[in-house]
Asker: 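A single structure is presented below for examination.
We number each residue from 1, following the sequence as shown. All heavy atoms count here, side chains included; hydrogens, waters and symmetry mates do not.
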Amino acid sequence: MQDFFSGKEALANSLVSTMSEARLTRYLSASNGSKIDAMSLYHWNNELSRSMYFPMQIWEITLRNKMNTFLERKYGPEWPYDKIALRQLNRQDARKIQVTKERQQKFRGISRAQTGSIVADLSAGFWVSLLSESYNIPFRWEISIHRVFAHDVNLDRNTVHRLCLGLLHIRNRIAHHEPIFHLPLSERRNEAARLVKALCPSSYVYLDSKCDLEASLAKHP
């Protein structure tokens, strides 16, 4: 990759000052204190974040929609308002549902938010939480996990939750503009692909054909 910051010391110094050395500690440390090299690494991290955003997006959307389908079948199409469904949730997840309903109702100027708008507004963390061990009994994950991840019989609830937690970590670091260049991105991309394939083979074909992570990894400055 052609180094954009090569010979542009003043530019690199100015950007480091604006972004703050504290926020760029990992880049500066990996670059032995060179601000030019640190900004080159920062730019590469942006490339990696862009490439990883795509599989993270496909994973999150596919997961939430399949989980919503599961909950609709179990509790009905208005499950966010179902008393039995809400009693099954822990306090934190129930609170997320309530806050999301209130936010959607205020934003849309309506008295009752539709399930679709609630589902789209809930965080990835909410859906991953529903796969945790605490929901084994209410959701009967021992047998129900394959109703959601229907295309991989080798996946169990524990494996699904562990993989989803790893992807959630990457997803949140990208969303908060944190460094990811030091993380096992190829491994995480493959884990996302496995989960998406288990959720929806068509979504996997799309992800696999359009993800350009390896090309971005090859641009290491």
Asker: Write out all pairs satisfying side-chain hydrogen bond (donor to acceptor under 3.5 Å, both in side chains) with one or both partners inside residues 24-33, taking only residues at least two apart or from two chains.
Answerer: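 Qualifying pairs: Y27-N45.
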Asker: When you look at CD of E133, are more than 12 heavy atoms from neighbouring residues, nucleotides or ligands closer to it than 6.0 Å?
Answerer: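 Not buried by this count: 12 neighbours or fewer within 6.0 Å.
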Asker: Shortest non-hydrogen contact from R189 to C211?
Answerer: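 Where R189 meets C211 most closely, the heavy atoms are NE-SG, 3.7 Å.
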Asker: Would a single hydrophobic cluster contain both L217 and F4, if residues Ile, Leu, Val, Met, Phe, Trp and Tyr are joined by side-chain heavy-atom contacts under 4.5 Å?
Answerer: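 They do share one cluster, since a chain of ILVMFWY contacts under 4.5 Å joins F4 to L217.
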Asker: For the CG atom of N13 and the NZ atom of K8, what is their distance to the nearest 0.5 Å?
Answerer: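 Reported to 0.5 Å precision, the distance equals 14.0 Å.
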Asker: For the NE2 atom on H177, are there more than 12 heavy atoms of other groups (residues, nucleotides or ligands in this structure) within a distance under 6.0 Å?
Answerer: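 No, the 6.0 Å shell around NE2 holds no more than 12 heavy atoms from other groups.
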Asker: Once you round to the nearest 0.5 Å, how far does CD1 of I97 lie from CD of E102?
Answerer: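 Those atoms lie 12.0 Å apart.
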Asker: Run the numbers on L41 and L28 for side-chain contact (heavy atoms from CB on, under 4.5 Å), then give the verdict.
Answerer: CA-CA 9 Å; L41 197 57; L28 289 164; over 6 Å; no
Asker: If you round to the nearest 0.5 Å, how far is CZ of R103 from CD of Q98?
Answerer: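 One gets 11.5 Å once the value is rounded to the nearest 0.5 Å.
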Asker: With under 30° as parallel and over 60° as perpendicular, where do the rings of F139 and W141 fit, or are they tilted in between?
Answerer: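 F139 and W141: perpendicular rings.
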Asker: Would you say F149 ends up clustered with I61 if hydrophobic residues are merged whenever their side chains have heavy atoms under 4.5 Å apart, either directly or through other cluster members?
Answerer: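 No; tracing contacts between hydrophobic side chains, which count when under 4.5 Å, never links both residues.
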Asker: Where the side chain of S20 meets the backbone of V16, is there a donor-acceptor pair that is under 3.5 Å apart?
Answerer: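 Judged by distance alone, no pair lies under 3.5 Å.
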Asker: Just how far is it from atom CG of D212 to atom NZ of K210, taken to the nearest 0.5 Å?
Answerer: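 Between D212 CG and K210 NZ, I get 10.5 Å after rounding to 0.5 Å.
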Asker: Check whether D82 reaches the backbone of A85 with its side chain - one donor and one acceptor, N or O, closer than 3.5 Å.
Answerer: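 Looks like yes, one N/O pair under 3.5 Å.
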Asker: Has the side chain of Q105 got a donor or acceptor atom that lies under 3.5 Å from a matching backbone atom of A113?
Answerer: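 Yes: the side chain of Q105 pairs with the backbone of A113.
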Asker: Using a strict cut-off of less than 4.0 Å between a Lys/Arg side-chain nitrogen and an Asp/Glu carboxylate oxygen, indicate whether K219 and E214 qualify as a salt bridge.
Answerer: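 So K219 does not pair with E214 through a salt bridge.
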Asker: Between T62 (side chain only) and I58 (backbone N and O only), is there a donor and an acceptor less than 3.5 Å apart?
Answerer: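 A pair under 3.5 Å: yes.
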Asker: Identify each donor-acceptor pair in which a side-chain atom of residues 195-206 lies under 3.5 Å from a protein atom, sequence neighbours left out, and give them as a table.
Answerer:
none

Asker: Should the pair R194-E191 be classified as a salt bridge under the 4.0 Å nitrogen-to-oxygen rule?
Answerer: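 Answer for the salt bridge query: no.
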Asker: For S51 and L48, indicate whether the former's side chain and the latter's backbone hold a donor-acceptor pair under 3.5 Å.
Answerer: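 Between the backbone of L48 and the side chain of S51 there is no qualifying donor-acceptor contact (under 3.5 Å).
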Asker: Determine all donor-acceptor pairs shorter than 3.5 Å in which one atom belongs to a side chain in residues 160-170; sequence neighbours excluded.
Answerer:
none

Asker: Which word best sums up how the rings of F181 and W44 line up, parallel for under 30°, tilted for 30 to 60°, or perpendicular for over 60°?
Answerer: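 F181 vs W44 ring planes: tilted.
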Asker: Please confirm whether the backbone N or O of S186 pairs with a side-chain atom of N190, one donor and one acceptor, at under 3.5 Å?
Answerer: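 Judged by distance alone, yes, a pair lies under 3.5 Å.
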Asker: Could you tell me whether the side chains of T100 and D121 share a donor-acceptor contact shorter than 3.5 Å?
Answerer: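 Checked: T100/D121 side chains show no N/O donor-acceptor pair below 3.5 Å.
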Asker: Can you see whether Y81 has K101 sitting over its ring - NZ or CZ less than 6.0 Å from the centre and within 45° of the normal?
Answerer: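 Here K101 passes the 6.0 Å and 45° test against Y81.
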Asker: Other residues, nucleotides and ligands only: do more than 12 of their heavy atoms fall within 6.0 Å of CZ on R173?
Answerer: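 Yes, the 6.0 Å shell around CZ holds more than 12 heavy atoms from other groups.
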Asker: Any donor-acceptor pair under 3.5 Å linking the side chain of R157 with the backbone of L131?
Answerer: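 Indeed, once roles are kept as given, a pair shorter than 3.5 Å links the two residues.
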Asker: Would you indicate whether I143, at its atom CD1, is surrounded by more than 12 heavy atoms from other residues, nucleotides or ligands within a distance under 6.0 Å?
Answerer: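 Buried by this count: over 12 neighbours within 6.0 Å.
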Asker: Okay, side chain of S40, backbone of I36: is any donor-acceptor separation there less than 3.5 Å?
Answerer: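 Answer holds: yes.
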Asker: Taking P77's backbone N and O only, do any of them form a donor-acceptor pair with T115's side chain (distance below 3.5 Å, no angle check)?
Answerer: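 Yes; judged by distance alone, with no hydrogens or angles, the pair exists.
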Asker: Taking atom CZ as the centre, does R73 end up with more than 12 heavy-atom neighbours from other residues, nucleotides or ligands that are less than 6.0 angstrom away?
Answerer: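 Counting neighbours around CZ of R73, 12 or fewer heavy atoms of other residues, nucleotides or ligands fall under 6.0 Å, so no.
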Asker: Do you reckon I84 sits in the same ILVMFWY cluster as W79, going by side-chain contacts under 4.5 Å, direct or chained?
Answerer: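 Per the 4.5 Å side-chain linkage, I84 and W79 are co-clustered.
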Asker: If every non-hydrogen atom of P138 is compared with every non-hydrogen atom of Q88, which pair is closest and at what distance?
Answerer: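 Shortest heavy-atom contact: CB-OE1, 3.0 Å.
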Asker: For R140, is the CZ atom crowded, meaning more than 12 foreign heavy atoms sit under 6.0 Å from it?
Answerer: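 No - once you tally the heavy atoms of other residues, nucleotides and ligands closer than 6.0 Å, there are 12 at most.
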Asker: Do S123 side-chain atoms and F126 backbone N/O form a donor-acceptor pair below 3.5 Å?
Answerer: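 Yes, S123 side chain to F126 backbone: donor-acceptor pair under 3.5 Å.
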Asker: For N68 and W127, what are the C-alpha separation, side-chain angles and deciding distance, and is it a side-chain hydrogen bond (donor to acceptor under 3.5 Å, both in side chains)?
Answerer: CA-CA 9 Å; N68 176 57; W127 302 108; over 6 Å; no
Asker: Can we say K35 and E9 salt-bridge, meaning some charged N sits less than 4.0 Å from an Asp/Glu carboxylate O?
Answerer: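 Result for this pair is no, no salt bridge flagged.
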